Each structure stands twice: as C-alpha cells, then as structure tokens.
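Here is how names work: the chains are called A, B, and so on, in the same order as the sequence lines, proteins then strands, and each is numbered from 1. Keep in mind that this is a model prediction, so the values were computed, not measured.
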Number of protein chains: 2
Amino acid sequence: MRIQIVATGFYAPPKVETAEELGPKIGREPEWIKTRAGVAKRHIAEEPVERMAAQAVLRAMAGNGPPDLLLSAALTPRQAVPDTSVFIARELGWNGVPAYSIHATCLSFVVALRHAAAMITTGAHRRVAIVSAEVASLGRDYEQPESCALLGDGAGAAIVESTPTSKKSRLLAWVMRTYPEGAELTQIPGAGQHRHPARPGANPKDLMFTMNGPAVYKLARTHLGSLLDEAYTRAGLRGPQDIDLVIPHQASALGLASLRRLGLPEERVVNILADYGNCIAASMPMALAHAHQAGRISRGDRVLLLGTGAGLSMAAAILIW
Amino acid sequence: MRIQIVATGFYAPPKVETAEELGPKIGREPEWIKTRAGVAKRHIAEEPVERMAAQAVLRAMAGNGPPDLLLSAALTPRQAVPDTSVFIARELGWNGVPAYSIHATCLSFVVALRHAAAMITTGAHRRVAIVSAEVASLGRDYEQPESCALLGDGAGAAIVESTPTSKKSRLLAWVMRTYPEGAELTQIPGAGQHRHPARPGANPKDLMFTMNGPAVYKLARTHLGSLLDEAYTRAGLRGPQDIDLVIPHQASALGLASLRRLGLPEERVVNILADYGNCIAASMPMALAHAHQAGRISRGDRVLLLGTGAGLSMAAAILIW
C-alpha cells in the first residue's frame, strides 16, 4: 500500500524513577533491575494520559493542521466510556475529527498503522494521526518485581499519509496472529465483567499487571519465526538481511536480545528499554520516534515493526520508509 | 467498496427483566419505563461476555469455517488486558486467527464494519467476523432511572466478505464525526487513570453509566442532518427517500422517533428497543441480525446504519445489501 509515515512524535513525562529509587520498593537490588529487566530508569506520569497523548501528537504535527482521523492505540484508558481518543481530541481542541480507539494490547500501534493504511488506501481519509499513550505505572504490583521492574510511562505518535506518486514509500507487508492459549500469561484481570472492581470483596490486585515472562517468551519463540517468514514473503524480501532497521516492542531485555537468533543483530534493532522501560503499546511508536529523530531512518529504508502482545498475539509490519 | 455482509448472528441471554420487575428498583412505575424509555423488557447477562459473543458468532457462522480476522467491537470488556477479542477466540477454540478490539463506544460495530471493508479491500483478509457483546447491566445505577431504564445486555455478529464479481453488494459510504464538547454527557468515568478504582476513597458509582440524555439529544440533533447529507452525497443517493431500511443504534425511544424528522419514517426503521433495550455497541448488530433473520433485508436493498455514541460521536454507513 502506498502510504508513508510523514512525522513522528515522542513524549516522556518529566518525572523519572531510577533503578536505585525503585529497588527498595520491590525488594530487589538496582543491579538486578538494570541487568535482569534491562531498565536503568523509567518515566512516571503525573499528568492525565490524554495530555501525554496530545503532547506526542503536537510534536508530530510540528505546526501543521489537524488530521482527518485520530486513532488512540493503547490499553491503559483514561476511563471506560468514552474511549480515550475523545479526550485526546478535546485536549487538542479538535471538533468534528472522527476519533476512536484500537486495542490490540501491546500491538495496538502496529494494528492502528495497518488500519490507517487501509483507510487511506480506500479513500476514507487523507491524513491519520495515531497515538499510543500509556500509564503503565498505574498497574504496577510491587510484589511482582519482574513486571514492576519493566514498566514505564510515555507516549508516541505518528502521522500517516498517502505516498506521492514520485516516491517509493510503502507498507509492504503486515501479518498478525493470536494464540489464546496465552490469554492468562499477561493480564490485568479486573476493570471489566470478570472480577469487576465494584463486586463485594474486590481485590485491588486485579487492577495490576501480572505476567508470566518465561511462558510468554516460550510461546513467542514457538511462533515468531514463521510469522517473520510470512512477512518477508509477502514483502517480497529474502529475509532479515533485507531489513535496515527493526522497531521492536520494548518487551524485555531478554525479548530484545532474542531477535539476534532471528537474524536481526543488535546494531539494527532500536532499543530504548534502558531509559524508558516497557511502555506497553506506547513502546513501539516511542522507539520509532526516537530512532526517527536520531536520524537512524532515511527514506527508502526497509523498516520492520515487530512485537508480541498479551493474548498472546504477535504482529509484524514491513515498511519502505 | 465491494464487500457484503454474508451472515448475521443474534444472541440474547436467557434471563429477562420486565419493566414490572425493574420499576421498584429504580422508583418508577412500569408504565413510565415502557413509555418514557420505550423498554418493556431487557435481557440480563449471567454468563461471561465472551460466551455471549461466541454464541452470536457461532450463529452467524452457521457451521461454516472460521474467518481470518476476529474483531470485538464493544465497550464493556471482560477485563482490561488482554482485550476481549482474545477471550472470544478462546471460547471459539480458534488458534492463530488475529483478534483485536475496536472501541468507538456505541459506534464500535459500524467502525469495525468500515475497518473490515478496508482490510478486505486492501487484501489483508478474506472473511472477517465482527462481534459486539455488551453487559450494560453491570454499570446500571439504580439512582439514575433514565439510563437504568434503557440498558440491556446482548450480542450481535456479522460476517463480512468481498462481493463476487456478479453481485452488486457494496459499502457505498461511511462518515463519522466526533465532538468532544460532549465528552462528559455519557460516561463511565472510572475503570481507567481518571478516578482509578484502586485509589483511596474510590466511588463505586464511577463504574456506572451516567448520561445527560437531553443534552446528548440536542447535540446529536445539531449535527446529524449534515452528517446524513454527506453520507447520501458520498453514496450517490438523492436522500432518505433512497434508503430501504435503517438500522439505528437503539439509543432511546426519543432518539428513534426523531429519525422521522430526518425523512426516515417508522416503517423503514428497525426498532427492537421495547424487547431488548439499549445494548450499547451491541444494539446495532442485534437490530441488523434481527431484521435480517425476520426477512426484512434483501440483496440489493439500500441499508443505512446510523448512530450516535459517547464522545459525542456520530456515524453513518450506507450499504447495498
């Protein structure tokens, strides 16, 4: 599909929490947090999630006019109803721009990118803003050091448009799969009908992240290779050697390191985990914006967006930037 | 776009609550509930939301094989993470079918329909299942008789495919707009960062629906006419006289009656409000499946899907069935 990302936006809240500060709260040494989780520091939101999102969108817009579609692609909402997109639009002062949310857990951004591409290609919209803003810290359980050491807050945005006829930018391939055998491996089990927070005896722990990291890793490892093969085939590429840069979900140090075994060496993988942690659905657009603004992506580059999300789902998108 | 709805599915939970049963709980006469809200009875879920959804999907599939994309289009989730689609896929025993959620409040189904059309048209999928299952009763506030009298539970599903070359089925037009000035007119303010249910002194009321019906009605009335005009223009139709059947969101008796002023008379409007209430995002696919199964829709008919949703958002889709 003839679409391109014309701009990206990055926002991290001002408050920083270091491994040294977090350590005592979760009963772990700072060194353990830095090496095991791979997170030296993370940002912690003290502002509303829609304000973080609006900041990322404004930075991506860089003074240009509003898009004709706003997609919120995240999983920690402002509230249940209306969906977060409405509050982002309000924060931005937009009136009449259609706004809704896509929730594909940590893969929300890459699903929203495919959605934007399809909507532009079929003539519904010309300019789509996608934003993922997450307040992961809200669901940290200090008694689960593994996930707690990973999570951070932040927002990332991208503006998508059709590609002018003289340019080569494309979405070459997109593949996604969901394996519900992993449904309970990564969860916030409350905040819905199941274990509803207003029921008698509701447990506040049900509003916190719980994750079985080793089982997620194992299930992902079983399926990621064939998912990538399908993506390369659909894109008309030979394999990982044709990828210039990988924007992975910042799942964990182990998850990022394992990309090497898929033929994607460290120097071609964007890794912002040490400074920002795993910002769930915001991780991917934050990594993208970070790499973009650092000059690591040029027009014509083949960029792979790749990740896993609670479900267990996994997805890959390949762009000619 | 050359897409068609090839099948629909309807599911209402077995437990029924009549106006006579609800009356004493909300301090209103049954007659008030029947005439003011327009709801004689509604169904109340005692089963998990993903099981309701799976039932609607199975009825739509009617023994055919699974689709290659599953969309959950609703706003009362099973839990925060993973999104509800994963649990629906698990309930159906599917493995590998990509699954995610679209949350556009009461308009989730019509947005998902546009998404399915775009994904099929751009070659990502061949057969998409959309399902909206809602447990609105979970958020009923007996001290808010107006909204409490309206809400009900249920599920509706549709299977979308591309149109064979010999057939005329099309998605002719799709328009959506969001006016965030209405963000606080219909709300469940809890279950997210804002008024988080685990904060000290959390109010269980924050997990319930609150609605300013007259203000929603007024804001909708201001914008619906021009939205519809744009939809007719994009569809190449003259106006409401070219519409054979309207599938509206079952917002309220007043909302449904007001369609007459937009040139859409009662006999062409599907109204299941009296028997099922307002099942939020499930209302539209339930009304669609109900009309479809009652033989009210034939191939070639021009069908208008129309609704408002918390936001305030509004959307219209016009199909040649």
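- The structure places OH of Y100(B) at 7.0 Å from CD1 of I102(A), a figure rounded to the nearest 0.5 Å.
- Contact of the P82(B) side chain with the T186(A) side chain is not registered, since no non-hydrogen atoms from C-beta on lie closer than 4.5 Å.
- Within a 6.0 Å sphere centred on CZ of R170(A), other residues, nucleotides and ligands contribute more than 12 heavy atoms.
- When E184(A), Q193(A), Q187(A) are compared by the number of non-hydrogen pairs under 4.5 Å with chain B, Q193(A) comes out ahead.
- Each of V111(A), L75(A), T121(A), T76(A) has some count of heavy-atom pairs under 4.5 Å with chain B, and the biggest count is that of V111(A).
- Interface summary for chain B: among E50(A), M314(A), R114(A), R199(A), the most heavy-atom pairs under 4.5 angstrom belong to R114(A).
- A centroid separation of 6.0 Å or more is found between the aromatic rings of H103(B) and H103(A).
- When G123(B), A198(B), P189(B), S108(B) are compared by the number of non-hydrogen pairs under 4.5 Å with chain A, P189(B) comes out ahead.
- Proximity of R90(B) to Y179(A): side-chain heavy atoms (C-beta onward) are nowhere separated by under 4.5 Å.
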Working note: H196(B) + L138(A), criterion side-chain contact (heavy atoms from CB on, under 4.5 Å); need CA distance, chi angles, decisive distance, verdict.
CA-CA 9 Å; H196(B) 193 264; L138(A) 206 62; 3.5 Å; yes
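- In this structure, K205(A) places its NZ atom where more than 12 heavy-atom neighbours from other residues, nucleotides or ligands lie under 6.0 Å away.
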Derivation of the side-chain contact (heavy atoms from CB on, under 4.5 Å) call for R195(B) and Q79(A):
CA-CA 8 Å; R195(B) 304 200 197 170; Q79(A) 62 190 58; over 6 Å; no
For W174(A) and M119(B), what are the C-alpha separation, side-chain angles and deciding distance, and is it a side-chain contact (heavy atoms from CB on, under 4.5 Å)?
CA-CA 11 Å; W174(A) 186 83; M119(B) 294 300 268; 4.0 Å; yes
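- Nearest heavy-atom pair across A99(A) and T178(B) is N-OG1, 2.9 Å.
- Residue E134(B) does not touch chain A at all, counting heavy-atom pairs closer than 4.5 Å.
- Only the side chain of M1(B) has a heavy atom closer than 4.5 Å to any heavy atom of chain A.
- The two residues P180(B) and N95(A) come nearest to each other via the heavy atoms CD-OD1, 4.0 Å.
- E181(B) CD: more than 12 foreign heavy atoms inside a 6.0 Å radius.
- Here the closest heavy-atom approach between residue G311(A) and residue V86(B) is recorded as O-CG1, 3.1 Å.
- For a residue to count as touching a neighbouring chain, one of its non-hydrogen atoms must lie under 4.5 Å from one of that chain's; by this rule F87(A) touches chain B with the side chain only.
- Taking CG of D83(B) as the reference point, atom OG of S101(A) lies at 12.0 Å (rounded to 0.5 Å).
- In this structure, the side chain of T122(B) does not engage the main chain of A118(A) through any donor-acceptor pair within 3.5 Å.
- Your options are G96(A), A45(A), A191(A), and the one with the most heavy-atom pairs under 4.5 Å with chain B is G96(A).
- Per-residue counts of heavy-atom pairs under 4.5 Å with chain B were compared for A202(A), P77(A), A104(A); the largest is that of P77(A).
- Ranked by heavy-atom pairs under 4.5 Å with chain B, the first of P197(A), A310(A), A80(A) is A80(A).
- The contact between V97(A) and chain B is made entirely by backbone atoms, counting heavy-atom distances below 4.5 Å.
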